[in-house]
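These values consider heavy atoms only, across backbone and side chains, with no hydrogens, waters or symmetry-generated copies.
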Amino acid sequence: MKITSMGVINLTPDSFSDGNQFNKKDSLASRFEEVSAWAQIVDLGAESTAPKNKAITAAEELARFEQAFYPLVEQQQAPDVTISIDTYKIEVFEKLARKIHEHWPQTQLIFNDVSGVVDDELLDFLSSFDLPFSYVFSHNLCPNRKKTGEHMKYTTKLAGTDFIRSLLEYFNEGLAKLSATKRSVIIDPCFGFSKTREQNQILLKYFQTFLMQMPPEHPCMFGISRKSFLRYPSDLDAKSSANQILLDHMQSILLYELMKDSSARELIVRTHQNTPIVAAKNVKKMFEI
C-alpha cells in the first residue's frame, strides 16, 4: 500500500476542528508552511459542510480564499506539494485553479468535490477545462450540489455487507460516467457524509474489502481525522486533550491494519496532524525487522 499524506487546512470560521484559526493571511501562511513540511498534498477548504452550518455563496467562499490564500500564492514561491481545493462549487474551483496556475504553473491540482453529484455540468467541465487536475469522486447521496451540506438528510437504512455493496454499485456507476472525461479520478467513500454512525463504523470494518473490489488505478481517500463517529463510546468528549490523543491512537491502529496490505494501491490519508501516520509507519517498520 502506497501511503500519501494529505494535510487539512480549513479557512473557515465555523469548522469543528480548527474553525477561525487559519482564515487570516499570517495564520494561514504559518499553518501552510507547517503542513507542507510533512504532507504531499495540502487540502484547503473555505466552507464547512457540517450539517449544523449554513451553506454560503460562491462569492462568500471565494472572498475567504482571497483574504487568506491569495496573498500566499502571490507572494511565495511554489511549494513542493499538490494543492487540493475542497469545494463542491465548480466555479470556485475553476477560479482558484486559474489563480494558482497563474503564479505556480507547475503545481499539481486536485478538485476535492464532496458533493458526489455527477451531472452534465460536471462532466462538461471535466472534459473541457484547459488546465490539468485530478478529480475526487465522493460518496454523497444528496440530490444536487446546493444540498451538499444537508447530506445527513440523505441516508439509507442499509447495514452490514449490504451497505458495502451499495457503495460498490455507487462508485462503479459514477466511474463509468467519469471515464469519458479522461480525467484522473480519486475515489473517496467520504466517511461522515450521508452515513449513520453505524454505517461509518461498518465502512471501517469492511474498508479493505471495499478497496479490493475497486479498480486499483484509482487512488482512494481515507479521511477519518476528527470525525465524530470515531468517538467511542459516543459520549466521549473529543475536545479534551487526553481524548484527542486517544483518538489519534485509534487512527494509528486503523492505519497500521491498512498498511499491512501489500498491494500497490495508493491510499491518500486525509488528516489534520501527521502523528497517526508516523506512528502507524513506525510500527510497520518495527515488525518488518
Side-chain angles (χ1 to χ4, degrees), residues 5-23 31 35 43 45 47-56 86 114 116 138-142 147-164 166-167 188-211 220-259 267-280 283:
S5 301
M6 172 186 274
V8 179
I9 306 179
N10 291 314
L11 287 69
T12 52
D14 50 6
S15 291
F16 168 77
S17 57
D18 52 8
N20 215 35
Q21 292 186 36
F22 309 119
N23 54 350
R31 175 64 174 164
V35 174
D43 187 54
E47 177 179 357
S48 171
T49 47
K52 64 182 179 63
N53 295 326
K54 291 184 178 180
I56 61 174
D86 182 358
V114 297
S138 301
H139 177 262
N140 190 337
L141 301 178
C142 61
K147 294 186 179 295
T148 298
E150 301 176 28
H151 53 86
M152 289 312 296
K153 292 181 180 179
Y154 305 98
T155 61
T156 70
K157 295 182 179 181
L158 295 174
T161 54
D162 288 338
F163 175 66
I164 300 302
S166 74
L167 285 182
D188 184 358
C190 232
F191 285 95
F193 284 75
S194 291
K195 298 171 188 66
T196 64
R197 179 179 178 85
E198 293 75 16
Q199 287 171 339
N200 281 295
Q201 292 169 354
I202 288 167
L203 179 55
L204 275 179
K205 179 178 179 179
Y206 293 105
F207 190 76
Q208 287 176 302
T209 301
F210 166 77
L211 275 185
C220 184
M221 195 95 77
F222 184 74
I224 62 172
S225 177
R226 299 185 180 176
K227 296 292 187 181
S228 61
F229 74 86
L230 200 60
R231 290 178 293 181
Y232 198 89
S234 59
D235 60 355
L236 186 78
D237 179 11
K239 291 187 176 182
S240 80
S241 57
N243 286 338
Q244 286 178 6
I245 294 172
L246 174 63
L247 293 173
D248 281 346
H249 289 337
M250 292 174 66
Q251 288 184 63
S252 297
I253 293 167
L254 292 166
L255 281 171
Y256 169 68
E257 289 299 318
L258 292 174
M259 287 180 188
L267 190 70
I268 300 174
V269 180
R270 187 178 184 274
T271 181
H272 294 76
Q273 298 293 339
N274 197 36
T275 310
I277 300 177
V278 173
V283 172

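The shortest distance between side-chain heavy atoms of Asp43 and Ile9 does not fall below 4.5 Å. Residues Ser166 and Leu158 are in side-chain contact: their nearest non-hydrogen atoms beyond the backbone lie under 4.5 Å apart. The closest side-chain heavy-atom distance from Pro189 to Phe210 is below 4.5 Å. Here the side chains of Tyr206 and Gln201 are not in contact, with every heavy-atom distance at 4.5 Å or above. Side-chain atoms of Leu141 and Thr155, non-hydrogen and from C-beta on, never get closer than 4.5 Å to each other.
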Trace of the ring pair (Phe, Tyr, Trp, His ring centres under 6.0 Å) decision for Phe222 with Phe207: CA-CA 9 Å; Phe222 184 74; Phe207 190 76; 5.0 Å; yes
Between Asn53 and Ser48, does the side-chain contact (heavy atoms from CB on, under 4.5 Å) criterion hold? Intermediate values first, please. CA-CA 7 Å; Asn53 295 326; Ser48 171; 2.8 Å; yes
Asn10 and Val8: CA distance, side-chain angles, deciding distance, side-chain contact (heavy atoms from CB on, under 4.5 Å) verdict: CA-CA 7 Å; Asn10 291 314; Val8 179; 4.0 Å; yes
Dump the intermediate steps for salt bridge (charged side-chain N to carboxylate O under 4.0 Å, His left out) on Asp86 and Arg270, then the final yes or no. CA-CA 12 Å; Asp86 182 358; Arg270 187 178 184 274; 3.2 Å; yes
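No side-chain donor-acceptor contact under 3.5 Å links Thr275 and Asp248. Side-chain contact of Ser225 with His272: a donor-acceptor pair under 3.5 Å is present, judged by distance alone. Between the side chains of Lys195 and His151, no donor N or O sits under 3.5 Å from an acceptor N or O. Checked by atom type, the side-chain pair Ser240/Asn243 shows a donor-acceptor distance below 3.5 Å.
For Phe229, the ring-ring contact (aromatic ring centres under 6.0 Å, His included) partners at least two apart in sequence or on another chain are Phe191. Partners of Glu150 according to the side chain to side chain contact (heavy atoms under 4.5 Å, CB included) rule, which considers only residues two or more places apart in sequence or in another chain, are Lys147, Lys153, Tyr154. Residues forming a salt bridge (charged side-chain N to carboxylate O under 4.0 Å, His left out) with Asp188 (at least two apart in sequence, or on another chain): none.
A donor-acceptor pair under 3.5 Å links the side-chain atoms of Gln199 to the main chain of Thr196, judged by distance alone. Looking only at distances, no side-chain donor or acceptor of Ser138 sits under 3.5 Å from a matching main-chain atom of Asn140. The backbone N or O of Ala159 sits nowhere less than 3.5 Å from a side-chain atom of Glu198 that would complete a donor-acceptor pair.
Atom CE of Met6 sits about 11.0 Å away from atom CD1 of Ile277, to the nearest 0.5 Å. In this structure, SG on Cys220 lies 8.5 Å from CD1 on Ile268, to the nearest 0.5 angstrom. A distance of 7.0 Å separates OG in Ser194 from CE in Met152, rounded to the nearest 0.5 Å. Atom CG of Leu246 is separated from atom CD of Gln251 by 10.5 Å, given to the nearest 0.5 angstrom. Residue Leu254 holds its CG atom at 5.0 Å from CD1 of Ile224, rounded to the nearest 0.5 Å. With values rounded to the nearest 0.5 angstrom, Thr161 atom OG1 is found 9.0 Å from Ile202 atom CD1.
Residues Glu257 and Gln208 share a closest heavy-atom pair of O-NE2, 3.2 Å. Among all heavy-atom pairs drawn from Ala280 and Leu255, the shortest one is CB-CB, 3.8 Å. Residues Leu230 and Leu247 come closest through the heavy atom pair O-CD2, 3.7 Å. Pairing each heavy atom of Asn274 with each of Ser5, the nearest pair is OD1-OG, 3.8 Å.
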